[in-house]
Structure formats: structure tokens, C-alpha cells
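Accompanying notes for the structure given below.
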Amino acid sequence: MMNPILADADIPTYPLEMEEGNTHRFISILEADGQRNLLREEFLLPHRKDFYLLAYVKQGSNRHWIDMTPYTLHPHNFYFSVPEQVHLKEEARPMTGTLIGFTKEFLALDDSQQLRKLPLIQNPQNGHELRLSAADREFIEDILAKLSTEYNRPQDWQQEMLLGYMRVLLIYLSRLYTQQFSSQEVFADRQMLKKFQASIEENYQELHEVAAYADRLNITAGHLNHLVKAQSGKTAMEHIHARLLLEAKRLLFHTQESIKEIAFALGFEDASYFNRFFKRLTDKTPLAYRNAIREMYH
């Protein structure tokens, strides 16, 4: 197994890179032909992307990491990532397939604002890979072909066409996401839960208490906890702690920052409190977790 490459300090975040001469805003579509390597050299080190990435793999067996999980690409599977996940490529090999990168601004072009609420975009299970049936592959390949053609042939109302095709693709993939990742009942009305989760994503490093999030959502802490528990099966505090724990694991695994530095980066007043928090949720100290997971993938 691989001995994961570590970042010296902060994990860099890279923006969506547009091809030279590209007139599109907020979206990039590339066809990988198996002849050229599309991977940027800096992606061979731990990094984050500030955009969403979709990758349909026709052929290829590259190995890479998302957060603390290694993946080997499988032909005719679909891969996706959302901003803030930590990426690491083990090697740069050509592949065949389609790569689509798009930003939050692209999702904002949707007047209904429904795209940003889709399971694939929210990614509550922190997933990355979707298995495709033969029927799935046929449908997705058809939509990708339409997207690629539209993207590379400027015409009137091109942005509207791209948004329309992307809407179909993202809804279809979200159905697959729900089938393959959801392990609990899907509630018809989860608006408060989504607002709460979005607020956690923006503020988890500074806000650790339910009351602070309730204030931002203009409800009481008790009512917030009741709604969140009803809509997710978890308490509001469990959601806050889960996000902190995920980021702590990312930093422990992918960087050489000290336990104290990680504690402060996540808003803990001192390292001893962070140690107790981490051990309570994992039964391991941060140092023990770091040593164990690195030894596992050595």
C-alpha cells in the first residue's frame, strides 16, 4: 500500500482552471482521450478544489484518495467530488472519459435554486463513487455527448442549454446517490436540516454550540434540535461534532501539522480539550489515530 504524501502545513485549494480561449464561465468540460495526461502536477500532493468535479471513466485504473479513503478507478463508473474534500493522486496516468468541473456560481444560474440542494451536491455521506448499470451508462453517455457537443459549439442560448443538460445529469446522478448511499428514510421536508448543514459548513471552525447556529437561523436551540433530530435521526450537536471530526481526520491524515495546530485551526481553545473531544468520538487520541491510519496505509 501507499505511504500517503503529506502536506507540510495548510492544504492548498485550487480554483477551476479554464482552457486557453475558453469563453465559458463557471464550467469546464474535457474529453480525456487516453493519449494525454490531463492531471496538473500539483494534484499529486494533498489539495482541495473549490469547485465540483464529475468524472465518467470509460477506461483507466488510476489510484487516488478522497479524504481518508483510497479509490482505484474502475471502467464505466462515475466519480464525483465537492469543494473542501481533500484529494491526492498517487500517479498520473491517461484515461478515457469525460471530466466536468463547475463552480457554485454555475449552480446559482439555476433560477429555482434546486440544483444546489440535490444529494450529489450536498453529499451528506461524503461519497465519491457511483456504480453504473448498463442502462445507467447508456443514459449518462448520451447526456455527456450532448453536453460536450453543446460546450464545444457556441450557439444562441448556449448557457441555457448547458444548464438544462446539467440539470438532467445532476438529478439522474442524485437518484443513484440516494439509492447507493442513503441508509435512512428520506423526509419530504428537510429544509431546516439543509439550512443547518449549510451553516455548519460555513462556520464549523468558529461555532461549536447549537445555540450559535439557532441564532443564525432565527429559532430557539430546542426547536432546532427537535427539527434536526426529526429530519435526520441525529441531534444538532452530533451534526456539528461530525463535521469537526471529519476535518480533524483530514488534517491528521494529510498534513504534518501538530495536534496543537490542528486544535487551534478547528477553533478549540486548547489541545487538551481537542484531545478529549476526539477520543470521546473515536476511542483514540488524535496522535493514536494519526499513527494507526498512516500505519494502515504504509
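Basis for what follows: all heavy atoms, side chains included, without hydrogens, waters or symmetry-related copies. The structure presented is a predicted model; accordingly, all values stated were derived computationally and were not measured.
Counting only distance, with no hydrogens or angles, the side chain of T149 and the backbone of A145 share a donor-acceptor pair below 3.5 Å.
I27 has its side chain within reach of M166: a pair of non-hydrogen atoms, C-beta onward, lies under 4.5 Å apart. Between I171 and L118 there is a side-chain heavy-atom pair separated by less than 4.5 Å. In this structure, the side chains of F51 and K104 stay at 4.5 Å or more apart for every pair of heavy atoms.
The residues D110 and R116 are annotated as not salt-bridged, no charged nitrogen and carboxylate oxygen being separated by less than 4.0 angstrom. Between K146 and D142 a salt bridge is recorded (basic side-chain N to carboxylate O distance below 4.0 Å).
Using a 3.5 Å distance cut-off with no hydrogens or angles, the side chains of D67 and T69 do not pair a donor with an acceptor. No side-chain donor from either of K89 and H87 sits under 3.5 Å from a side-chain acceptor of the other. Side-chain N/O atoms of Y172 and D136 include a donor and acceptor closer than 3.5 Å. Judged by distance alone, the side chains of Q125 and Y177 never bring a donor and an acceptor atom under 3.5 Å apart.
A tilted orientation is assigned to the rings of Y56 and H76, their planes being inclined by 30° to 60°.
Here the two rings, on F106 and F26, have centers that are 6.0 Å apart or farther. Between Y52 and F80, the distance from one ring center to the other does not fall under 6.0 angstrom.
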